[in-house]
Structure formats: C-alpha cells, structure tokens
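Keep in mind that the numbers below use all heavy atoms, side chains included, and drop hydrogens, waters and symmetry copies.
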Amino acid sequence: MQTRQTRRYHHGDLRAALLTRAEETLREKGPAALSLRELARDLGVSHAAPSRHFKDKQSLLDALGQVGFARLGETLTASQVSAGESFADRLGALARAYVGFAGGNAELLDLMFSIKHDPEASEALVRAAQDMSTLATRLITEGQRRGEVRPGPVESIAVPLFTTLHGFASIAVSGTHPSQTPDEDLENIIAFTLRGCAPDAPERDGDSRTPSL
C-alpha cells in the first residue's frame, strides 16, 4: 500500500514537497502546528533533511508567504485577461478574483499578511508582496489617465480600496459574515469602491457651494 509519504514526496524535490505539506498542515491545523521535524516525519525523510532548505520555522513561513503572494499575483493577473477595458470592469474582475482566492486559501492569506510585517521577514518576501500590489497600482494609474478615477496620489486611492476589499474578504471567509447573499454583497462592495474612486462631478452653471449672503 502506498503511504502518504510515498505519495507526497519524490526524491530530488524535497523543498517543494516540504512547502506543499506545510501548506496542507497550515490549512488543516493552523500555523502553530507547523514543525520542520513533523514535516520531515510526514515525508519519510530524516529530521535533519529539511535544514538543507529551511534553517528554521521562520524561514519556512517566509517561503510559504512568498509562494502565496506569487500565486495571488498570478490569480489577479489572470483576472485581467478577459476583463473589459474600463476601470470598472477591471476593478470588478480584480475584486472577484481576490475574494475567490481568499475563499480557497484563507489560512494562507492570513499567514501572508501577518508574516510580511514580521521584523524578520526576508527582502524576497517584501518584494513578493510589493509585486502583488503593483497590478492594483497600475490599474488606478491607468484609470486616472482615462479620466475614470479621481486625480491625486495613487496611494491615497489604493489604500482605502485595498483595505475595503481585504476586509470584506476576511469577513466573508471567516464564517462570521451575517448575510446570506455574499455574491450580491461583493457586487455592492465593488459599486461602493467605484463611487469612492470616481472623479468629482463637475459643477453645473449656477451651482455654487458657497451660499450667497
């Protein structure tokens, strides 16, 4: 009979096998259960073997975070391939992809954003997180160029946009979301965000914000 170790590990690819099993453990038991020794036992290798790839648990978590950000970046990039040209279409596709990723990778997403703020986070992890956000930045910049997004510093638009989206995704996957219509709620979040990004409406002739005395 094939054992779990035989199915999961193929000689010569121990690093990938460790990351795969670590992600499974993260999903099943949470980050506290992650241990290089336990991963080695699961994969049927010596307890010292993982040290050739990860010096400690922190470096394993760091690598998992990098994997997560790379996968999220690929998911968000793919969402733009079939999206329309407008900022509304592209933002909608991005938001749905992000929430979809969160739904399928809740534990990993939580780890990604907690570990990237760790003082011991590697430069590679920080770069991976920045690369993921580049797509949203480009989206806003292009929306401004087309006149579909209000002018101003990109960060002043990106921060509330992302925190709104990430907050909704976190609530949606936590099981604490009270609504029975999460898809409809997401569309409302997208519409709300679009209104916040939109340029101010031009004043009509005779419309003054300062009342006459």
Side-chain angles (χ1 to χ4, degrees), residues 5 8-80 94-95 97-141 153-167 169-170 173-174:
Q5 291 91 336
R8 297 193 192 284
Y9 172 57
H10 299 283
H11 181 70
D13 199 15
L14 179 57
R15 187 179 190 278
L18 286 166
L19 287 171
T20 297
R21 181 57 190 148
E23 188 174 344
E24 293 170 348
T25 302
L26 177 68
R27 183 177 293 111
E28 295 164 1
K29 302 177 182 179
L34 284 172
S35 159
L36 290 173
R37 183 179 290 270
E38 289 299 317
L39 292 176
R41 186 170 64 180
D42 284 351
L43 295 173
V45 298
S46 72
H47 67 82
S51 65
R52 296 199 298 268
H53 304 282
F54 307 108
K55 64 179 181 179
D56 52 25
K57 179 178 176 178
Q58 177 66 34
S59 63
L60 172 69
L61 295 178
D62 195 287
L64 264 181
Q66 292 180 52
V67 168
F69 279 115
R71 192 184 304 162
L72 176 57
E74 292 169 358
T75 298
L76 298 183
T77 298
S79 76
Q80 302 298 290
L94 188 82
Y98 188 90
V99 173
F101 180 90
N105 303 271
E107 298 81 8
L108 180 60
L109 189 69
D110 185 60
L111 173 71
M112 288 157 52
F113 283 96
S114 62
I115 200 69
K116 81 165 187 169
H117 295 297
D118 192 291
E120 297 182 21
S122 69
E123 291 184 6
L125 176 62
V126 174
R127 283 196 304 271
Q130 290 173 340
D131 289 343
M132 184 276 299
S133 65
T134 298
L135 178 61
T137 300
R138 287 202 305 264
L139 183 64
I140 294 170
T141 301
V154 171
E155 187 174 280
S156 69
I157 301 170
V159 170
L161 186 158
F162 176 75
T163 52
T164 300
L165 180 59
H166 183 70
S170 298
V173 303
S174 69

- Residues pairing under salt bridge (charged side-chain N to carboxylate O under 4.0 Å, His left out) where one sits in residues 58-77, two or more places apart or in two chains, turn out to be Glu23-Arg71
- Note on the structure: Smallest heavy-atom separation, Val99 atom then Ala169 atom, equals CG2-CB, 4.2 Å
- Where is the tightest heavy-atom contact between Ala102 and Leu109, given as atom of each residue plus distance? CB-CD2, 3.6 Å
- Please, which pairs that meet salt bridge (charged side-chain N to carboxylate O under 4.0 Å, His left out) have at least one residue in residues 101-115, sequence neighbours excluded? none
- Message: Tell me every residue that passes side chain to side chain contact (heavy atoms under 4.5 Å, CB included) with Ala16, counting only those two or more places apart in sequence or in another chain.
- Response: Asp13
- If you look only at pairs with a residue in residues 30-77, which of them pass as a ring pair (Phe, Tyr, Trp, His ring centres under 6.0 Å), with sequence neighbours excluded? Phe69-Phe113
For residues 29-37, please give each side-chain donor-acceptor pair under 3.5 Å, one per line with the distance, not counting sequence neighbours.
from: Ser35; atom 1: OG; to: Arg37; atom 2: N; distance (Å): 3.3
from: Ser35; atom 1: OG; to: Glu38; atom 2: N; distance (Å): 3.3

- Query: Can you check side chain to side chain contact (heavy atoms under 4.5 Å, CB included) on Ser122 and Gln66, steps first, answer last?
  - Reply: CA-CA 10 Å; Ser122 69; Gln66 292 180 52; 3.7 Å; yes
- When rounded to the nearest 0.5 angstrom, what distance separates CD1 in Ile140 from CD in Glu155? 10.0 Å
- Task: Determine which pairs satisfy ring pair (Phe, Tyr, Trp, His ring centres under 6.0 Å) with at least one residue from residues 116-138, sequence neighbours left out, and list them in order.
- Result: none
- Shortest non-hydrogen contact between Pro50 and Ala40, atoms and distance: CG-CB, 3.7 Å
- Query: Any side-chain heavy atom of Asp118 within less than 4.5 Å of one from Leu61?
  - Reply: no
For residues 156-163, please give each side-chain donor-acceptor pair under 3.5 Å, one per line with the distance, not counting sequence neighbours.
from: Ser156; atom 1: OG; to: Pro153; atom 2: O; distance (Å): 2.6
from: Thr163; atom 1: OG1; to: Val159; atom 2: O; distance (Å): 2.9
from: Thr163; atom 1: OG1; to: Pro160; atom 2: O; distance (Å): 3.2

- Where the side chain of Asn105 meets the backbone of Leu108, is there a donor-acceptor pair that is under 3.5 Å apart? no
- Query: Looking at side-chain heavy atoms only, is the closest gap between Gln80 and Leu139 below 4.5 Å?
  - Reply: yes
- Query: What's the shortest heavy-atom distance between Ala22 and Leu64, and which atoms?
  - Reply: CB-CD1, 4.0 Å
- Taking side chain to side chain contact (heavy atoms under 4.5 Å, CB included) as the test, write out the residues that go with Ala106, two or more places apart. Val173
- Query: Which pair of non-hydrogen atoms, one from Ala136 and one from Leu94, has the smallest distance, and what is that distance?
  - Reply: CB-CD2, 4.4 Å
- Note on the structure: The side-chain hydrogen bond (donor to acceptor under 3.5 Å, both in side chains) partners of Gln58 (sequence neighbours excluded) come to none
Only distances under 3.5 Å count here; give the side-chain donor-acceptor pairs of residues 128-135 to other protein atoms, sequence neighbours excluded, each with its distance to 0.1 Å.
from: Ser133; atom 1: OG; to: Gln130; atom 2: O; distance (Å): 2.8
from: Thr134; atom 1: OG1; to: Gln130; atom 2: O; distance (Å): 3.0

- At what distance, to the nearest 0.5 angstrom, does NZ of Lys116 lie from CG of Leu125? 8.5 Å
- Report the residues that fulfil side chain to side chain contact (heavy atoms under 4.5 Å, CB included) with Ser114, sequence neighbours left out, ordered by chain and then residue number. Leu111
- Before giving the answer on side chain to side chain contact (heavy atoms under 4.5 Å, CB included), spell out for Leu72 and Tyr98 the whole-Å C-alpha distance, their side-chain angles and the decisive distance to 0.1 Å. CA-CA 8 Å; Leu72 176 57; Tyr98 188 90; 3.8 Å; yes
